[in-house]
Amino acid sequence: MIKGVYIHIPFCDKICTYCDFAKMVAKDDLKIEYMQALVRELEYFSDLTAKSETVYIGGGTPSSLQLDVLEAFLKELSTIVNLDKIQEFTIEANPTDITDDFLKMLRKFNVSRISMGVQSMDESLLNFLGRTHTKAEVIEAIKKIKDNKFDLNLDFLYAIPGQTEEMLLNDLDFIKKFNPNHISYYSLIIEDRTIINYWINSRKVSDFSDDLARDFADIIDRKLADFGYKKYEVSNYAKEGHESKHNLIYWNVEEYIGLGLNASSQYNYIRMKNPKSIKEYIEGTKKHALNMHEIEEYNPKLEIILLGLRKVEGFNLDDYKKRIKKDVFEVYPILKKHLDNGLLEISSGNLKLTDKGMYLANQVYLDII
Ligand code: SF4
């Protein structure tokens, strides 16, 4: 059963220096053509997506679309997915796009949650990352989102070249003060095709040390726990009852449909990926939407472990046996070694990483991949 729908809007007003996502700066004509293609793909999958429990519109920057273009798309979406029964409907937004009109329009379509890419509250780091918002704009946006009673996730980054402990502590103080109900706190991974990687390779910028990154991760875990957040996934923290239902679909290896440029879908024991080229994607939706997909390897017996161990509670051993028809230790006997060396443990019927295992998870993964 399809539990979630992901919709990718690849447009941004400006490209950040660390970004490796499927994104672009585009003219209005192309944006409109793309949104029409999305509607065609949505219609193609309408039978499968009608009863989705979650919708997540991500990017790129979905909020960078003109309001009437986004509204027209949400209207189409509401004729296909039953938005009255949806359990969680998230949209990603840039702080500078949060206006009263934007929020009012989202309310009409039962959007329940806004995920805002803040990354840091330090203006010099924001500048380095190529982000266009200021601290004052973030504060104003949070106030509006809270006044309008949306659930709020803030994305933050750590291990940014040049980031000091004082900068990190300031960001954590900011989180304490503004108290969103969900935080995604990612370590900045320098991907090959990014501007920061070019700066590092040409020695304009120094890479962040692994030891310091680990110290920062400890500080984040400790402080967020003090502020009342429960860590439930490697990079995600929530106030009680505010875990991301949509992201849990991925970590629980359940079925979802991804629409749009480079989006993945997983159902009926296959995983499919849409084209990376916007031209190919738009043309593909004019023909037979299924033919444009690339079929990817999907190996649930491995993925339930890899994604399940990302969750702090791990994955349930009985559920694994039910789905795979074999005990996990029969499929991967080597996992017993990690029970003995203290990287894994069994708790309440779940297999999970220990605190030590969270740091050394790669040792477990390398043995089973
Ligand atoms: S806003 Fe997000 S998707 Fe767009 S360039 Fe920046 S990091 Fe990439």
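We count ligands from 1, going down the list as the structure has it; atoms in each ligand are counted the same way. This structure is a prediction, so every number in the text was calculated from the model and none was measured.
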In sequence, state the C-alpha distance, the side-chain angles, and the governing distance for Asn274 and Glu41, and then conclude on side-chain hydrogen bond (donor to acceptor under 3.5 Å, both in side chains). CA-CA 11 Å; Asn274 278 349; Glu41 198 189 9; 2.9 Å; yes
Ile57 and Val111: CA distance, side-chain angles, deciding distance, side-chain contact (heavy atoms from CB on, under 4.5 Å) verdict: CA-CA 10 Å; Ile57 304 186; Val111 173; over 6 Å; no
Quick one: which of Ile196, Asn197, Val205 gives a side chain to side chain contact (heavy atoms under 4.5 Å, CB included) with Thr17? Ile196
Which pairs of donor and acceptor atoms, one on a side chain in residues 2-14, lie under 3.5 Å apart (sequence neighbours left out)?
unit_1 : atom_1 : unit_2 : atom_2 : d
Lys3   : NZ     : Glu254 : OE2    : 3.2
Tyr6   : OH     : His8   : ND1    : 2.7
His8   : NE2    : Ala22  : O      : 2.8
Lys14  : NZ     : Gly130 : O      : 3.1

Which residue owns the protein heavy atom closest to atom 7 (S) of ligand 1, what's the atom, and how far is it? Tyr18 OH, 3.5 Å
Sequence neighbours excluded - salt bridge (Lys or Arg N to Asp or Glu O under 4.0 Å) pairs with any residue from residues 275-286: Glu283-Lys286
Give every protein N, O or S atom lying under 2.8 Å from atom 4 (Fe) of ligand 1, naming each by residue and atom. Cys12 SG
Ile86 with Phe45, same ILVMFWY side-chain cluster at under 4.5 Å: yes
Qualifying residues under salt bridge (Lys or Arg N to Asp or Glu O under 4.0 Å), relative to Arg203, sequence neighbours excluded: none
Who's closest to atom 2 (Fe) of ligand 1 heavy-atom-wise, of Arg131, Gln119, Met24? Arg131
